[in-house]
Amino acid sequence: MKKLWGGRFTGSAEEWVDEFGASISFDQELAKQDIEGSVAHATMLAACGIITEAEANEIVQGLKKLAYQAEQGELDYSVKLEDIHLNLEHHLTELIGPTGGKLHTARSRNDQVATDMHLYLKEQVSDIIMLITDFQQALIQQAEQNIETILPGYTHLQRAQPISFAHHLMAYFWMLDRDKQRFSESLKRINLSPLGAGALAGTTFPIDRHKTASMLGFAGIYENSLDAVSDRDFILEFLSDSSLLMMHLSRLCEEIILWTSQEFQFIELSDAFTTGSSIMPQKKNPDMAELIRGKTGRVYGSLIGLLTILKGLPLAYNKDMQEDKEGMFDTVKTVRGSLKIITGMVGTMKVRKDKMESSVKNDFSNATELADYLASKGLPFRQAHEIVGKLVLTCIEKGCYLGELPLAVYKDMNSLFEEDIYEVLNPYNAIDRRNSAGGTGFSQVRAQLEKAKNLL
Ligand code: ARG
């Protein structure tokens, strides 16, 4: 098979060298976008009088056939033809004859590949935004059923203060909301057309870049042809937004893994998202949560990989840039898969209210309540803190919790203590009273849920 760029060559590379240089094994994923870009380009060429209407028609009809065949998986791709662009051009020429060779007028693979990837990411990012919304929906549903489900909140993985489980879940809702904002804002930058930048310097043909841009649904064009073919910041931004999103999912997965353990027993996952052990019959492993946590690593890897690929490249296109694709495809697949799994997992998990509640009743996570109690009676908070610290120590020595100490012990420590401390120590009341804006107080959580629902 003759190379489409073979004119100045006499020798040819061996198959294994071609294989090393080829991207067709992975960039065939861009067939649809490549054809869309070509249809717009051919149509524009005719509109600008660069090829005839008849030629453009022939090309467009041919491309449409190829689009169908590509979708059916009927197109053969060859490593000899390097990449998706040359493979499709070859098929087009086979189909319609030499007119196919006019398609590449006023275009280079450099602006072509950049255009394909902009089109691809535009679609994927919009889908990902919808998948995030689905997950937020699942979080809201669980939260609504668990406003008055109480559990210990943790800092340093040590019990800190009692909170509402809905409050805990909604923390993730807002993280995801910012993730969504980041993806949405990135669309502004993805939504620019590099097409018509040529290899690097533009073209001598009287093309209309705005026409192709608007045919392809882009909001505008890259203003500088060198920039248009050289930068991959739109992919980096996607990888970076994806890394942040995955970090959020991974943290929740880590919590899910903890919560399903025998030590916590706060939730039970549906059988659909767990697996058994081949040797230990009692096991139910949170594999899917672990995998999302694990896959976060490969997304970070793609981000660091591409940053590293680009950092030393002179303008404009360099073949190194072909390495931009696999990490991007892999990240799209990973993010989409992770979002679907976590939506199902959180939507179907069983919350063990009894376990959460009993654990919060058997700990010192209500100690702050006592310190606040004394402080609200005028004692400087530092002194109050010291006194309660001593009371906790007393409890530890006696082997009891704060609610079990007799009032006399409290009175001995400080005369400001009254009978009502036992109400204050009740974790349910502790939560109910935390009504500062954004706090875990039940009325605040309800207000938060209303805001969240309005956002979706
Ligand atoms: N397969 C190439 C890539 O993905 C397309 C661009 C090739 N351009 C070139 N001048 N060799 O980067």
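Whatever order the structure lists ligands and atoms in, that order sets their numbers, starting from 1. Note that the structure is predicted; figures quoted are calculated from it, not measured.
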Is Asp27 salt-bridged to Lys325, cutoff N-O under 4.0 Å?
-> no

Counterpart residues, side chain to side chain donor-acceptor pair (under 3.5 Å), relative to Lys32 (two or more places apart) |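 Side chain to side chain donor-acceptor pair (under 3.5 Å) list for Lys32, sorted by chain: Glu123.
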
With sequence neighbours excluded, tell me which residues meet ring-ring contact (aromatic ring centres under 6.0 Å, His included) with Phe20.
-> none

Short N or O contacts of ligand 1 with protein, under 3.5 Å, listed by atom name?
{"unit_1": "ligand 1", "atom_1": "1 (N)", "unit_2": "Ser23", "atom_2": "OG", "d": "3.2"}
{"unit_1": "ligand 1", "atom_1": "1 (N)", "unit_2": "Asp83", "atom_2": "OD2", "d": "2.9"}
{"unit_1": "ligand 1", "atom_1": "1 (N)", "unit_2": "Gln322", "atom_2": "OE1", "d": "2.9"}
{"unit_1": "ligand 1", "atom_1": "4 (O)", "unit_2": "Lys325", "atom_2": "NZ", "d": "2.5"}
{"unit_1": "ligand 1", "atom_1": "8 (N)", "unit_2": "Asn110", "atom_2": "OD1", "d": "2.8"}
{"unit_1": "ligand 1", "atom_1": "10 (N)", "unit_2": "Asn110", "atom_2": "OD1", "d": "3.1"}
{"unit_1": "ligand 1", "atom_1": "12 (O)", "unit_2": "Tyr317", "atom_2": "OH", "d": "2.4"}

Near-ring test His168/Trp259, centroid separation under 6.0 angstrom =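 Ring centres of His168 and Trp259 closer than 6.0 Å.
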
With a 6.0 Å cut-off on ring centres, are Phe135 and Tyr172 close enough?
-> no

Just distance, no hydrogens or angles: give the donor-acceptor pairs under 3.5 Å from side chains in residues 193-215, sequence neighbours left out.
{"unit_1": "Ser193", "atom_1": "OG", "unit_2": "Leu195", "atom_2": "N", "d": "3.2"}
{"unit_1": "Thr203", "atom_1": "OG1", "unit_2": "Phe205", "atom_2": "N", "d": "3.1"}
{"unit_1": "Asp208", "atom_1": "OD1", "unit_2": "His210", "atom_2": "N", "d": "3.0"}
{"unit_1": "Asp208", "atom_1": "OD1", "unit_2": "Lys211", "atom_2": "N", "d": "3.1"}
{"unit_1": "Arg209", "atom_1": "NE", "unit_2": "Leu195", "atom_2": "O", "d": "2.8"}
{"unit_1": "Arg209", "atom_1": "NH1", "unit_2": "Tyr222", "atom_2": "O", "d": "2.9"}
{"unit_1": "Arg209", "atom_1": "NH2", "unit_2": "Ser193", "atom_2": "O", "d": "2.8"}
{"unit_1": "Arg209", "atom_1": "NH2", "unit_2": "Tyr222", "atom_2": "O", "d": "3.2"}
{"unit_1": "Thr212", "atom_1": "OG1", "unit_2": "Arg209", "atom_2": "O", "d": "3.0"}
{"unit_1": "Ser214", "atom_1": "OG", "unit_2": "Lys211", "atom_2": "O", "d": "3.4"}

